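Everything on this sheet refers to the single structure shown next.
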Protein chains: 4
Amino acid sequence: MLLEIDHHSGVPIYRQVIEQVRRQIMAGQLSEGQQLDSVRELAGRLRVNPMTISKAYALLEVEGLAERRRGIGLFVARVQTSQKEQTKARLLEEILKKAAVTAVQFEMPEEEAARMLVDLYRKHDSKTRSYSNE
Amino acid sequence: MLLEIDHHSGVPIYRQVIEQVRRQIMAGQLSEGQQLDSVRELAGRLRVNPMTISKAYALLEVEGLAERRRGIGLFVARVQTSQKEQTKARLLEEILKKAAVTAVQFEMPEEEAARMLVDLYRKHDSKTRSYSNE
Amino acid sequence: MLLEIDHHSGVPIYRQVIEQVRRQIMAGQLSEGQQLDSVRELAGRLRVNPMTISKAYALLEVEGLAERRRGIGLFVARVQTSQKEQTKARLLEEILKKAAVTAVQFEMPEEEAARMLVDLYRKHDSKTRSYSNE
Amino acid sequence: MLLEIDHHSGVPIYRQVIEQVRRQIMAGQLSEGQQLDSVRELAGRLRVNPMTISKAYALLEVEGLAERRRGIGLFVARVQTSQKEQTKARLLEEILKKAAVTAVQFEMPEEEAARMLVDLYRKHDSKTRSYSNE
DNA sequence: GTGGTCTAGACCACA
DNA sequence: GTGGTCTAGACCACT
């Protein structure tokens, strides 16, 4: 489970954890039934207070994305594929819209914005693939 | 000076003000030397406490984007064009990168992401232009 | 953390706090990573409103001299030694220059100015040392 | 009458005016009976609001350093030599003390502080003399 | 426990 | 008229 915490972003740590776990579940990088890192392990690795992780996990459970199995740990819950697709589409549209609005406001031509997006896409894609080959 | 405050976003009001004024300065919608709305006027219009606006303005001054002239008001500061362009480019790249990463993670093909971006661009662009024609 | 506030100087309290904390950090009396007094504690001790202290701390953070760790407290940030030395040298030169200009303008001979400076230096130095021996 | 206003120092303009005129009177650069620049002229030259200069002049009059002759203008008042010397000594001690305290706090050796003071003294002195020869 | 944000309202200083 | 400062007190979020 790869998580990156930015201590200086102003975004609460527990939210960063939720956000990233949620994304990975949506993207299928964390699949149904898979066990999440234990609170202690994750807290130790990220060097944050265990209570913070515990809070994030509790909220993921409330959200229905994770299930607690007593005495064992937390597992990725079953999510309707349709709902998953819907959420993914919503998140994508949100972020693309922000990008579009910024480009319009700063007067970057649409072709240039699209080109830049594709460039960044390819750069990130190849990096990701090389990781998954390791 | 058009500002929109979302009281339910969780983002502090003063930060929303800073963010939007900063963007408008960068985009040239607020030009060098132009006077900003007075603290009291803006506070009245947005229905927030004057101190909240004052805090936002103070931080814009610290950031070097605005200059206070005592007893007169707050004015858009002189910003090096090169620095402005640099900041704009950085902001654009940041947001486009987030979009690209999301698209990769959710396995949306690059062409589709680019097409969606252009769609949203045009939609927002035409909306903006119709405003400025009013 | 020893701070002295002069309520009658006309200098805003939050600025006096910033100024003194900044100096102590520069002088190494507050060292990297050290925790500052909590907002409430300092406010109580100095008998001022917590918001006033909070404002000072927020600006120290903007200045890069302090780091907030949410829910924990404020800590002295890591400052490059070279930058620290530079700042100290600048501050010293500024104040010495003001003194020199005044002496020239009031036609006090250079030897007398230097002698007076050394006298005052020793007086203050011995006072400081006796404090630290308590 | 040479005055320099720093619009970014945070010190009120009228105080900067008072401060500098007072110093020049103390130093004898403005001598008893000499006429001060008119409010309009000085305001025009410094590019500040005439009311600001007017306020400064009024306070100099209250302080007894200047005398208003109706219909003519403002003149440097007669000041007891003893009082003048006293004020000069006080101002000098104040500024030298600040320098000494800073040097002690930043651990600059007294000899180095004294040497630096003398250097700055000579530099400023020679600059001043060359001006007065023009 | 920590700091952050906001309000309502007062008073000051500046131009 | 402008912005700056401070207070008292409430409520929130984070650890």
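Proteins get letters first, then strands, A, B, ... in listed order; numbering begins at 1 in each. Being a predicted model, the structure only gives us computed values, none of them experimental. These values consider heavy atoms only, across backbone and side chains, with no hydrogens, waters or symmetry-generated copies.
Listed here is the closest heavy atom pair of D:Gln35 and D:Ile72: NE2-O, 3.4 Å. Counting all heavy atoms, side chain and backbone alike, C:Val48 lies closest to C:His7 at CG1-CE1, 4.0 Å.
Distance, B:Leu46 CG to E:dC6 P: 12 Å, rounded to whole Å. To the nearest angstrom, C1' of E:dA15 lies 14 Å from CD1 of D:Ile5. Put simply, CD1 on A:Ile53 is 11 Å from C1' on F:dT15, counting in whole angstrom units. Rounded to a whole Å, the NE2 atom of C:His8 is 14 Å from the P atom of F:dC6. If you measure from atom CG of B:Leu59 to atom P of F:dG3, you get 16 Å, rounded to the nearest angstrom. Nucleotide F:dG3 holds its P atom 14 Å from the CZ atom of B:Arg70, rounded to whole Å. Regarding B:Ile72, its CD1 atom lies at a distance of 6 Å from the C1' atom of E:dA15, rounded to whole Å. Computed from coordinates, the B:Arg69 CZ to E:dA15 C1' distance equals 13 Å when rounded to whole Å.
Figure legend: A:Arg68 and A:Tyr57 shown without cation-pi pairing, the cationic atom not lying both under 6.0 angstrom from the six-membered ring centre and within 45 degrees of its axis.
Comparing atom distances between the C:Ser38 side chain and each of E:dG3, E:dT5, F:dT7 picks out E:dG3 as nearest. Counting only heavy atoms from C-beta on, B:Ser54 has its side chain closest to F:dT5 among F:dT5, F:dT15, E:dT2. Comparing atom distances between the C:Met51 side chain and each of F:dT15, E:dT7, E:dA15 picks out E:dT7 as nearest.
Comparing C:Arg40 and C:Pro12 by the nucleotide of DNA chain F that holds the closest heavy atom to each, the one mapping nearer the 5' end is C:Pro12. Both C:Val48 and A:Lys55 sit near DNA chain F, but only C:Val48 has its closest nucleotide nearer the 5' end. Along DNA chain E, the nucleotide nearest B:Ile13 and the nucleotide nearest D:Ile13 are compared for position; the residue whose nucleotide lies closer to the 5' end is B:Ile13.
Under the 4.0 Å criterion applied to side-chain N and carboxylate O atoms, D:Glu19 and D:Arg22 are assigned as salt-bridge partners. The pair D:Glu94-D:Lys97 does not meet the salt-bridge criterion, since no charged nitrogen lies less than 4.0 angstrom from a carboxylate oxygen.
Stem analysis of DNA chain F (Watson-Crick or G-U pairs, both distances under 3.5 Å, runs of at least three) returns E:1-14 with F:1-14.
In this structure, B:Ile13 CD1 and B:Ile5 CD1 are separated by 6.5 Å, a value rounded to the nearest 0.5 Å. The CZ atom of A:Arg69 sits 4.5 Å away from atom CZ of A:Phe75, with the distance rounded to the nearest 0.5 Å.
In terms of phosphate contacts, B:Thr52 brings no side-chain nitrogen or oxygen within less than 4.0 Å of OP1 or OP2 of E:dT5.
When heavy atoms are screened at a 4.0 angstrom cut-off, B:Tyr14 is found touching the sugar-phosphate backbone but no base atom. Residue contacts shown for C:Asn49 include a base, since a base heavy atom lies under 4.0 Å away.
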